[in-house]
Amino acid sequence: MANLSERTHPPSPASPLLDRLNEAQREAVEAADGPVLVLAGAGTGKTRVLTVRLAHILATRRAAPGQILAVTFTNKAAREMSGRVSSLIGRPTEGLWLGTFHAVGARILRRHAELVGLRSNYTIIDTDDQIRLMRQVIEANGIDEKRWPARVLTAIVSRWKDKGWTPDRVPAEEAGDFAHGKGVGLYRDYQERLGELNAADFGDLLLLCLRLFLARPDVLADYHRRFRYILVDEYQDTNVAQYLWLRLLAQGSGNICCVGDDDQSIYGWRGAEVGNILRFEDDFPGAKVVRLERNYRSTPHILGAASGLIAHNRGRLGKTLWTEAAGDAMGDPVRIESAWDEAEEARTVGEAIEDRQRHGDSLDGMAVLVRAGYQTRAFEERLIAIGVPYRVIGGLRFYERQEIRDACAYFRLIRQGDDDLAFQRIVNTPRRGLGDKSIQTLYAIARGRGQSLLSASAEVVATDELPPRRRAALRGFVEAIARWRAEASRLPPSELAEIVLDESGYTAMWLADKSVQAPGRLENLKELARAMAEFETLEDFLDHVSLVMDTETGADDDMVNVMTLHGAKGLEFDTVFLPGWEEGVFPNQMALDDHGAAGLEEERRLAYVGLTRAKKRATVLHAANRTVHGQWLSNVPSRFVDELPEEHVERAAAAGDGFARDDAALWRTAMNRPGYGGRQGNYHRAIEARVQRFGDGEEVFTPVGEGRSTPEVGSRVFHQKFGYGSIRGVDGSKLDIAFDKAGRKKVMADFVEPA
DNA sequence: CGTATATATCTTTTT
DNA sequence: GATATATACG
C-alpha cells in the first residue's frame, strides 16, 4: 500500500489532475495538509475541488484509500463523489471511507457495538419505528398519547440528539413543557427500550460514536491513526453532533478539509448550525480559508437574480459571485409566470417543457423544483396527460413502502430476535389469527419476564396462557422464524428472501389482493430480492436498505426531473421551473411561524438554491388559488418574487391571477403585523384569513366542505355514503341526522353538505 | 378475530 | 384525497 515516507517528498508538480482548475480551486486542492475551509458559492466547482483533492491525495501517495474519510450529507452526494473520483483515478474507489455521516457512523459502531451497550447485529430503526416505540414509552408512563403525541416528542428528542445531548445532558431550561416536563424522563426510557431491543435510531449512530470516542481514547486513537485525511462536503449543514464527531476524528492528523456555503444552509430545521462554518478558524487554528467565487454554471441573468435575492438576508459571510460572460451572453432573464391555480401552473410548465423539447433540449436537463412533496402531484398528472416522461426523485423512498418494510421486518427478526418492533409488525401479517388481544397478552407476559416478544413466545407456546387456537398459530410463527434463522447462515440473502416471502405467505397475500396497487407491490418485492443479490450478508443488506437505498428510477432514460428544493441541492439543470412561489407555500407558513426571521432567511436560502440550480433558464411561477388538504386557498405571490431584481426578470403577460400588485403587498403587511404573530395556530389563522377573504361571492373560491350556512335543526343535507337526510340535532361540529335511507346517525359536519 | 365503516391527521424540507 | 387509527358489528 502507500509508502508513508513519501509524504515527506514534494508532490509531483505537474499533475494533470490540476490542469483544469482555476487558481483558487487549485489552491484548495494543493493545500493537502492542515485544516482547510473552502467557502464555495453555488456553481463554483465545489464538488470538483473535493473530488480532485481526493484524487490528488491518492495520486501523490499521501495516503491509501483506506486512510481517507470523506463524508457527505446525502447518499446522492456520496454516489456522485464516488463516481467522479473513480473516473479521475481510472479505477473503482475501493477501500475509501466514503458515505454519509450516518452510514460511516453505523460502520464504526458495528465494530465496537459492545462498548456502547449494543451487540454488533444491532438494528437501525427509522422514523416510523421511532414513533411507534416512543408511543409505547409514553403509554407505559400512563400519559395520554393523544394529548402528547409521540411524533412531537420524537421530533424534540431528535433535535436533542442533533445537539449531542444524552438524557442527562439536556439542560433544565430546554426540558420543555412536553407532558409537563416529563420529556426528558421519556427520552431516558426510550433509550432504555432501544437498548433492550438492541437497536439504534439515526441520531444514535452519531451520538453513540461520540460516547464511544470519549469513553475509549484507545479506540479513538485507532481512528486517528487510520484517517490521515478527512474531507467534508456541505459543511454548512452539519449539526452539533456531527461537528463534535468530526472534531474528535480530526484531532489526529489535523488534515481536515471542509467545503461549504453559508448561503446554501437549508437544514436548520434538522439541527444544522451555520455557526459551525463561521467558527471553523477558531476550532482549527491556522486554518487556511479559500473562497471560490467564480461561477461556472449559470448565465449572468440567473446569477444576478439569485444574488439580488440572497442579498436580502442578513448575517451572511458574504461572497460576490461573478461570471465571465456578459453582453450578448447575459442569457434569458428569469421568467415569472402567474397562474390561476395549480392545474394551470402545471399546464404552463408542461407547455414550456414541450417547447424546449421542440428546440432539441433533452428532458434530463429540465427540472421542476417544488417546496413540498405534495406539490409534485399536479405536475405528475399533467406530464402523464401530455405524455412527457418524468421521474419523481425522493418522493417515497424505497424503504418507506409498506411491502418493503414488512419484508425487512422478517429479515430483521431473523437476524436479531430482540427486535420487538419487527415482531409486532409481522406477527399477524399476513393474518394468522393473532389479533390485538393475543398480542396484548403476549406483550404483558414478555414485559413481566423481561424478555423479548420472540423469546417469550417460544416459551408461551408450551403453556396454556393463550387459547389453543392462538397458541398453535403462534407456534407456527415462532418455528418458522427459527427455521429461517438456521437457513440464513448457509444461504445467500436473496435466496433466503425468496424462501421467507414464500413460506410466510407474504407473497401470496399480495397475490390474493386485488387492489390496483398489489401488482406494483409484488414488483417491488422482486426488486428487493434483486437488490439483495449484491450483498453477502443479511446485515450488510439491511444497513444498505435503511441508510442508503433510495428510489433510483431509470437514471439512464431521458426524463424530466421532479423533486423538492432540498433534494435538488448539489444538482444542476439547463432549465429549471420553480412553481408555488406564494406566501404561505414558499416561504412556507410553518417555517415562518416556528422560526420567525431565521425561518424566513432559511426559506430565502432555499429559493437561492433553487435559482442557482439553473444553467440557462429559470422560470418562477405562482398560482392565485391552490388546494391544500383538499381545501381551496387563495394565495398572494411570494415576497421572493418581488425581491428578484427587475433588471434580471421578465414577467409573462398577466394571465389574470386576480391580484393587483399593491394588493399583494397590502396582504403581506396584514399577515405579518405583530398581533398576527405567535406560534402555533398562526398557520391556521392565516389560512382562514385567506379563505375568508375570497370565500364569499365568487363560486370558484367557495371552499369545499366549509359550510357557509351553519347547520340548523331541520335543514336538509347530503352525505357521500348515507345520501339525503335532515338534521335532528347539532352538537358542536357533530350532527345528529335522520337519513332517508340509512336511518339515524351521528356525523361530523364536515362530511355533509347542504342539500 | 376480522371486516367495514367513521374519523383524524396529514404536508415542509432528510439521514 | 390518502392513509392510519378507532369503533361497531358480525
Side-chain angles (χ1 to χ4, degrees), chain A residues 71-78 99-106 124-128 130-132 135 145-146 149 151 155 158 161-162 200-206 234 237-239 241-242 266-272 369-377 394-397 399-400 402 428 430-439 467 469-470 473 517 546-550 563-569 580 584-595 599 602-603 605-606 609-610 626-631 683 704-705 719-722 733-734 742 745-751:
Chain A
V71 278
T72 62
F73 214 63
T74 63
N75 292 305
K76 202 168 17 164
T100 62
F101 279 97
H102 292 89
V104 174
I124 299 167
I125 65 164
D126 67 357
T127 316
D128 204 67
Q130 276 181 61
I131 294 172
R132 265 177 233 269
R135 181 172 299 133
E145 201 267 341
K146 286 208 194 72
R151 91 176 19 256
S158 296
K161 290 188 172 185
D162 289 340
D201 65 20
F202 280 120
D204 288 340
L205 296 178
L206 295 165
E234 308 281 15
D237 286 330
T238 52
N239 61 36
Q242 289 162 335
I266 54 175
Y267 284 97
W269 54 274
R270 217 179 82 181
L369 308 182
V370 298
R371 175 63 182 86
Y374 69 85
Q375 290 172 262
T376 60
R377 192 192 188 110
L396 184 61
R397 258 161 294 287
Y399 179 68
E400 286 167 359
Q402 188 190 337
N428 201 33
R431 306 235 180 272
R432 299 184 174 89
L434 292 162
D436 278 351
K437 188 70 192 307
S438 308
I439 306 307
R469 188 173 263 165
R470 318 293 163 215
Q517 299 107 313
S546 48
L547 291 170
V548 181
M549 200 160 174
D550 44 21
M563 66 184 98
T564 64
L565 288 158
H566 285 88
K569 189 155 79 155
V585 175
F586 190 35
N588 179 278
Q589 190 66 44
M590 286 184 185
L592 300 181
D593 291 349
D594 294 351
H595 303 106
E602 181 152 313
E603 295 287 294
R605 289 193 293 270
L606 201 47
V609 167
R626 182 179 293 280
T627 41
V628 180
H629 309 216
Q631 187 184 232
Y683 179 64
V704 178
H719 185 275
Q720 286 274 342
K721 288 233 163 63
F722 304 136
S733 57
K734 280 202 182 80
K745 304 256 181 205
K746 298 242 193 235
V747 176
M748 296 289 284
D750 286 352
F751 285 76

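Below, chain A is the first sequence line, B the second, and so on; all start at residue 1.
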**Q.** DNA chain C: 5'-most and 3'-most nucleotides touching chain A, 4.0 angstrom heavy-atom criterion
**A.** dG1(C) to dT5(C)

Q) Do we count Tyr267(A) as stacking onto dT13(B) if the rule is ring centres under 5.5 Å and planes under 30°? A) no

Q. Base, sugar-phosphate, or nothing for Arg132(A), non-hydrogen atoms under 4.0 angstrom?
A. nothing

(Q) Could you tell me how far apart Ile131(A) (CD1) and dT9(B) (P) are, to the nearest whole angstrom? (A) 14 Å

Q: Quick one: sort the Trp269(A) and His566(A) rings into parallel, tilted or perpendicular, breaks at 30° and 60°.
A: perpendicular

Q | Position toward the 5' end of DNA chain C (nearest nucleotide), Gln402(A) or Arg377(A) | A | Arg377(A)

Q. Counting side-chain heavy atoms from C-beta on, which of dT12(B), dT11(B), dC1(B) comes nearest to Asn588(A)?
A. dT12(B)

What's touching nucleotides 2-4 of chain B from the protein side, N or O pairs under 3.5 Å?
| residue | atom | partner | partner atom | Å |
| --- | --- | --- | --- | --- |
| dG2(B) | OP1 | Gly433(A) | N | 3.2 |
| dT3(B) | OP2 | Arg431(A) | NE | 3.2 |

Q | Side chain Arg270(A) and base dT13(B) donor-acceptor under 3.5 Å | A | no

Q: Compare side-chain N and O positions of Ser546(A) against OP1 and OP2 of dT15(B) and report whether any pair is under 4.0 Å apart.
A: no

Q) Does Thr127(A) place a side-chain N or O at less than 4.0 Å from the phosphate oxygens OP1/OP2 of dT15(B)? A) no

Q.
Quick one about Asp126(A) and Gln130(A) (side-chain donor to acceptor, distance below 3.5 Å, no hydrogens or angles considered), yes or no?
A. no

(Q) I'd like to know if Asp162(A) and Arg270(A) make a salt bridge, using a cut-off of under 4.0 Å between side-chain N and carboxylate O. (A) no

